[in-house]
Amino acid sequence: MHLKCHVFPARRNKQAFFRQLCSAGTPIPTITDLIYRQQWSKLKTFLQNADPNTILQELIASGADAELTFRHSHSLEVSFKVLHTLAYTRKYSKIRSFLDDFVKKDTSSSVSSVFHAISVCADSFCVNSIIVDMLVLTYVQNKKTHLGIEAFKRAGDYGFKLSVVSCNPLLSALVKEGETEDVEFVYRNMIKRRIEPNLITFNILISGLCKMGKLNKAKDVVEDMKVWGFLPNVITYNTLIGGYCKMGRIGKMYKAGAILKEMVASGICPDEVTFNTLIDGYCKDDNLSAAMKVFGEMQNQGLKPNLVTYNSLISGLCMNGKVNEAVSLWDEMTLLCLKPTVVTYNALVNGFCKNNMMNEARQLFDDMGKQGVSPNVITYNTMIDGYSKAKKMEDAFAMYHSMFERGIFPDVSTYNCLISALCREGYMAEAWKYVDEMHGRGLRVDLVTYNILIGSLCSKGEVRKAVRLLDEIYRKRLCPSHLTFNTLIEGYCTEGNLKAAMIMRARMEKEGKRANVVTYNVLIKGYCKKGKLEDANELLNEMLEKGLVPNKITYEIVKEEMLEKGFIPDIEGHLYNVSVKS
DNA sequence: GTAGGGTTAG
């Protein structure tokens, strides 16, 4: 308990203040009395022995400023007692500023001790609920989502009622942080605790489910919200379309189009965001003609393409090798007085880098400074990757060193670019040095780093070492991807260890990762190389039975290895009839 | 007091 005398009114008012207290008939507060008589040592002894509640009551009764009392007391119980007093007098903005201060500065109190303090010093369910509700919101606003979710859970245990005002931001923060399980947990509990969701609640939930790839569940929620009396709005539909667009790579773009039709049929008018989402989706699905069609349709509807529209198209064209067309769009947008931002620059710089035009990339990079657009870490990463893939390692490292001078600091991707470059050039030891350096900068190795290292070890025939890294992935609580497993399977196949490759596939499926086209291609190629064409053929049939669509690479393997060796695959007719995806 | 779109690395 630390109390300072400036909790009380200024010295020159003290006498008047004391007289006022006496005249009001209040019993002379001991603390006030001691302070008035400036008996500091007695005061100290008194404070050390007194019960916090007594002191608090005296302070409140003496008219001391509640806010100051709170700020100078280090006891949770006293603090929350003050909050209750404020809640009774409806001084909510003061409570908010107290809590904000508390959440920012207090790093020692656990959520459970806070709840204990709140519940012991109050009796009113309503007041407690209000304070707890504000506490949850304050945690979220201060980016302490983990404490927010804990408070949400405890509020349930204590039976305090939260409001949609704090549950929505909590849900939104959980979605942004990718805490997928908690998103569904909070929503389910809101319903259970009769916290009525609103349209925004549903939109946040749908957005979360889309990010998790649970598109079917997201669609179910759209039906649920109608039952609650909320009709999906333009944001709901845009979120769903965006969800399907992100799945464009696995052929879900047609579903995005279906949602668009549904949206129009329900009388919701697509806006710029709708069109931009679709354009970006088609671009990432390498379907530039569809993207351009939507671009035209958008203008027909009287909607003006904006920066985001051009950024998507420029990026899409660049990734498809159509850098010249990207440059003409750049010119078009500048004519429309849309000023390229760092995102636009990054897209085009990336286009030059990916298409072996490092001089042009450099020119554009230098132009940014002249145009007053600052490069960011993505610009640097793009340039570093471009230079190292062009085998200009000195330039890549010069870029890396120069970013520090501009106050831009490397992130995990920067190191992944460098590590990947060093591995490609065979400098494994150097690559590991950069793994250490990123640790030194407080950056955590991510799955991409592991995939790079695993790929490099496998290509050197050190599959056993690579498998040890797979175990390390789990220890770091990361989740291996299809790429991780496919790389390892390929590693085993290249060293001719087909048995180990099949065991790795089994492990992959056990982890819930179903073998994909790449997995089959790698395995089929492995069996072909060993001359086991019948087994390869069996795998090919298995792949088709599972509904996987062979791609160009499957076709090449079958043609080169099987057909040319006089082996006619059982599924030949089947394989040649399916549409081969590039 | 909260919801939707654009840029990098495997």
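Values below: all heavy atoms of this structure, side chains included; hydrogens, waters and symmetry mates excluded.
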Taking B/dA9, B/dT7, B/dA3 as options, the one with an atom nearest any side-chain atom of A/Asn203 is B/dA3
Going by side chain to side chain contact (heavy atoms under 4.5 Å, CB included), A/Val221 matches just one of A/Ile206, A/Leu240, A/Thr236. Which one? A/Ile206
For the residue pair A/Thr334 / A/Asp331, report whether a side-chain donor-acceptor contact shorter than 3.5 Å exists. no
Which of the following nucleotides, B/dG6, B/dA3, B/dT8, is nearest to the side chain of A/Ser172? B/dA3
Base, sugar-phosphate, or nothing for A/Ile200, non-hydrogen atoms under 4.0 angstrom? base
Phosphate oxygens OP1/OP2 of B/dA3: is one of them under 4.0 Å from a side-chain N or O of A/Lys176? yes
Any side-chain donor paired with an acceptor under 3.5 Å for A/Asn306 and A/Thr309? yes
Of the nucleotides B/dA3, B/dG1, B/dG10, which one has an atom closest to the side chain of A/Asn198? B/dG1
Strictly under 6.0 Å, is that where the ring centroids of A/Tyr427 and A/Trp432 end up? no
With a 3.5 Å distance limit and no angle check, can you tell me whether A/Ser166 reaches the backbone of A/Leu162 through a side-chain donor-acceptor pair? no
Among the nucleotides B/dG6, B/dA9, B/dG1, which one has an atom lying closest to any side-chain atom of A/Leu137? B/dG1
With no angle test and no hydrogens, is the base of B/dA3 tied to the side chain of A/Asn233 by a donor-acceptor pair under 3.5 Å? yes
Below 4.0 angstrom from OP1 or OP2 of B/dG10, is there any side-chain N or O of A/Lys389? yes
Determine the contact category for A/Thr236: base if any of its heavy atoms lies under 4.0 Å from a base atom, sugar-phosphate if only primed atoms, P, OP1 or OP2 are that close, otherwise nothing. nothing
Any donor-acceptor N or O pair under 3.5 Å, side chains A/Ser388, A/Lys392: no
Please state whether the phosphate of B/dA3, meaning OP1 or OP2, lies under 4.0 angstrom from any side-chain nitrogen or oxygen of A/Lys211. no
Across the strands shown, which category fits A/Ser481 at heavy-atom distances under 4.0 angstrom: base, sugar-phosphate, nothing? base
Determine, step by step, whether A/Phe365 and A/Tyr380 satisfy the ring pair (Phe, Tyr, Trp, His ring centres under 6.0 Å) criterion, reporting the C-alpha distance in whole Å, the side-chain angles of both residues, the deciding distance to 0.1 Å, and the verdict. CA-CA 9 Å; A/Phe365 177 84; A/Tyr380 276 96; 5.4 Å; yes
Below 4.0 angstrom from OP1 or OP2 of B/dA9, is there any side-chain N or O of A/Asn381? no
When all nucleic acid strands are considered with a 4.0 Å heavy-atom cut-off, which category describes A/Val175: base, sugar-phosphate, or nothing? nothing
For the residue pair A/Asn346 / A/Asn311, report whether a side-chain donor-acceptor contact shorter than 3.5 Å exists. no
Side chain of A/Pro169: nearest nucleotide among B/dA9, B/dT2, B/dG6? B/dT2
Distance only, no hydrogens: is a donor on one side chain within 3.5 Å (strictly under) of an acceptor on the other, for A/Thr484 and A/Ser481? yes
Return the nearest nucleotide to the side chain of A/Asn168; candidates are B/dA3, B/dT2, B/dT8. B/dT2
Listed in order of residue number, which residues of residues 420-451 of chain A have a non-hydrogen atom at under 4.0 Å from DNA chain B? A/Asp446, A/Leu447, A/Val448, A/Asn451
Taking NZ from A/Lys143 and P from B/dT2, how many angstroms apart are they, rounded to a whole number? 10 Å
Under a 4.0 Å heavy-atom cutoff, the residues of residues 316-330 of chain A touching DNA chain B are none
Before we go on, tell me: are the rings of A/Tyr387 and A/Tyr400 under 6.0 Å apart, centre to centre? no
Classify A/Leu483 by what it touches in the nucleic acid, base, sugar-phosphate, or nothing, heavy-atom distance under 4.0 Å. base
